[in-house]
Q: 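So that we are looking at the same thing, I have put the structure below in structure tokens.
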Amino acid sequence: MKMRGARILLEALRCEGVNHIFGYPGGAVLHIYDEMIKHAESLGIKHYLVRHEQAALFGAAGYTQATGKTGVALVTSGPGGTNAVTGVANAFMDSLPMVVFTGQVPTNLIGNDAFQEADLTGITRSCVKHNYLVKKVEDLAPTIKEAFYVASTGRPGPVLVDLPKDMTAQELEFSYPETIEMRSYKPQTQGNPKAVRRAVEAMLEAERPVLYIGGGAIHGGAHDEVRRLAERLNLPTTCTLMGLGAFPASHPLSLGMLGMHGGYWTNMAVNNCDLLISIGARFDDRVTGKLTEFAKGARFIHVDIDPSCISKNVPCDFPIIGDSKVVVQQMLDEVEQMVGHGANITPRQGWHDQIAAWREQHPFWFKEDGDIIKPQYVIHELHRLTGGKAVVSADVGQHQMWTAQLYGFDHPRNWLNSGGLGAMGYGFPAAIGAAVARPNDLVVAVVGDGGFQMSCNELATIKQYNIPVKILVINNGYLGMVRQWQEQFYEHRYSHSNIEVAPDFLKLAGAYDVPAMRATKASEVTAVLEKALNTPGPMLIEMQVAREENVFPIVPAGAALKDMILA
Amino acid sequence: MKHTISLLVENEYGMLSRVSGLFSARGYQIDTLNVAPTLEEGVSRMTLTTHGNDHIIEQILRQTLKLVKVIQVTDMTANPHVEREMVMLTVSARRGEERQEVLSLVKIFRARVVDVSEDALILELTGNGEKVEAFINLLRTIGIQDMVRTGPVAMTRVAAVRALQQIEDEEEFSELTLNEKV
Ligand SMILES: Cc1ncc(C[n+]2csc(CCOP(=O)(O)OP(=O)(O)O)c2C)c(N)n1
Ligand SMILES: [Mg+2]
């Protein structure tokens, strides 16, 4: 049967097992929306209409962060596409598998400065894993197949498919390719056995090893293997911001998060280790601080699926290209072989004791201050009341760092945030995507008063679909992270970071007919949180917190990890 | 140090801007660039020259290889290879001594005269970079009115190809494997 390109797109999505898409209509994609109203339901596809294209992308990103399934977004040409660019860049920086469909003016108008024309493949070229402009309707189905394949394999990333309007109007017999073979794209999953052996030898020799886990371990689903490796070799284990949950925070070997706002003991351990074993992390500047001072006395093992990550920032002694899950399993096998041949696994008690002493010296702490709500206390209570089991989506700022430090993630895919791009406005829409993907889990968006005002329009979305996201607004009346830097590094000159002129968040929620609660005193926090979390459906919770609290420790930008400021 | 890098790419729309965009986005320099079809349908070869320390070159090789439609990346400079570029020059060559001098240089360099007029010649020369440079420098003193250079193309020497094959067969682990699509 012949069908319009628009219908072919939907059929292809079904073949890819897509059940949810986030989008926003416009002229160039109207054929697609027209087919959608007729066929989406029978194809098992549900479309969520957001209130701004950026939220469609962030929703799809939250969806994939919470599940590992490829996120899908659909927006129109021109302004629809340009509004989506931040979301594409975010997915690129955090290696999120996403396929983004954008409308485009008809092929005969491309290049004419037509109404709502933007060169979306050109604009996004530097922030996609790959992108396509479909120029023949015959290419449509194979392109979609390739797009999903490229997005979800190797180092995952966003793939954009630009669809000129005539491509969705022309008719063709639908057939979907079953297999795919690309001579130019062959991700390597298996680590080189010799490289693995040399790395394991180094692990057995090391006296002060640290295991350093990044987002790649979550993408690769390597959490079990990582835990077994840490336990088998007694490896103190730290996670990056993106890797939180890949190793249980409550595990005795857990060091928590490292880097700019990492724990004192964590950064000290990294700074003093003699072997740093990196799995799916990329030695980001927010992790390493001053590069020349980073883990100066250590050798580096670096497992990464992306060869270009290896030795990009620090020279690596033991590079291993491969999938995190596969390679760590290879390492485990290699360990058993060596033990079989008489190799010894040392307890390294002295090293563990040293780290414990550092931890005792400077744990995460905050001062209570009468009835003023400390933001850290809110996160602490959120953890307690949810048993650490909620899916938590943070925005960007101080509240994000406190959540990363204090929530204590024991499971992968329960922690969503915009790490690489650090895009304010991410937390709330990402939580919507997560709640759509995991309707049986409690999903909490921890957002700042600043970031929430970049995304609060999505209150209409959760109202329309009754999506049970709990929005926890940490309201300090400041662009808090900016204010902190201005306090610490610009002598208290709070230039344009005061945002106390803000809507009444309860009334704002009320305008969207979303229920809301507020706490203004420390003594109210627990009761308000408890009640809000136990009320089914969407809910906004405003916490009016201490205005000038700071995130500690902090490694000043460009300084060495060991030069962190503690209080 | 200067490096000549050879890329095999899918000949698809936007391919050139993907490669050049990568260079500009990451702050690398393209000194010369050459694109043309290969024997295989749908595959083009780009030959580019760039410069940088070992670390930068390593990153260039890996980042370009990461592009989804790049099939192969070779750092020609790392192995014995032959490089050629072509230059065309319009030089002033008035009848008499000047023209004789130009023609003798043409002979020495095994260049060719491809166009003649009253007082100027168009010359064509193929050779490696050094030879081309030397030719240009000598002609400069006489008077170059116009010049176009193609930038080099390069080919690995046959013996070197065999040696590399052998390393691969022995499956020796090296940094080499970081720079290949398997
Ligand atoms: C889109 C965007 N613009 C600007 C920034 C820079 N920035 C980082 S944190 C921050 C302040 C965030 O304020 P708020 O949302 O209230 O969170 P808080 O730090 O107060 O917890 C700003 C402006 C950013 N990360 N993203
Ligand atoms: Mg704030």
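Chain letters run A, B, ... following the sequence lines, proteins first, then strands; residues in each count from 1.
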Q: Please report the closest heavy-atom contact between B:Tyr13 and A:Leu133, naming both atoms and the distance.
A: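 Heavy-atom minimum between the residues: OH-CB, 3.4 Å.
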Q: More than 12 foreign heavy atoms under 6.0 Å from CG of B:Asp54: is that the case here?
A: no
Q: Got a sec: does the NZ of A:Lys290 have more than 12 other heavy atoms crowding it under 6.0 Å?
A: no
Q: A quick test of your reading: do over 12 heavy atoms of other residues, nucleotides or ligands sit less than 6.0 Å from CE of B:Met155?
A: no
Q: Taking side chain as C-beta onward, heavy atoms only, is A:Arg155 less than 4.5 Å from B:Lys66?
A: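 Yes, side chains in contact.
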Q: Tell me, side chain or backbone of B:Glu10 under 4.5 Å from chain A's heavy atoms, or both, or neither?
A: side chain
Q: Counting only heavy atoms not in B:Met88, do more than 12 sit closer than 6.0 Å to its CE atom?
A: no
Q: Nearest 0.5 Å, please: how far is OG in A:Ser184 from NZ in B:Lys69?
A: 5.0 Å
Q: Is the count of non-hydrogen atoms from other residues, nucleotides or ligands lying under 6.0 Å from A:Asp113 atom CG greater than 12?
A: no
Q: Is A:Asp306 close to chain B through its backbone or its side chain, or both, or neither, when contacts mean heavy atoms under 4.5 Å?
A: side chain
Q: Tell me, with the steps shown, if B:Ser17 and A:Arg125 meet side-chain contact (heavy atoms from CB on, under 4.5 Å).
A: CA-CA 9 Å; B:Ser17 72; A:Arg125 194 160 286 142; 2.3 Å; yes
Q: Quick one: closest heavy-atom pair of A:Lys312 and B:Gln63, and the distance?
A: CD-NE2, 4.3 Å
Q: Just how far is it from atom SG of A:Cys309 to atom CZ of B:Arg62, taken to the nearest 0.5 Å?
A: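 One finds 10.0 Å between SG of A:Cys309 and CZ of B:Arg62.
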Q: Heavy-atom count around B:Lys2 NZ within 6.0 Å, excluding the residue itself: above 12?
A: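 Yes, the 6.0 Å shell around NZ holds more than 12 heavy atoms from other groups.
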Q: In terms of heavy-atom proximity below 4.5 Å to chain B, should A:Gln190 be classed as side chain, backbone, both, or neither?
A: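 Neither part.
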Q: Sort A:Lys129 into side chain, backbone, both or neither according to what part of it lies under 4.5 angstrom from a heavy atom of chain B.
A: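 A:Lys129 touches chain B through backbone and side-chain heavy atoms alike.
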Q: Main chain of A:His130, side chain of B:Arg18: is a donor-acceptor contact present, judged purely on distance under 3.5 Å?
A: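 Judged by distance alone, no pair lies under 3.5 Å.
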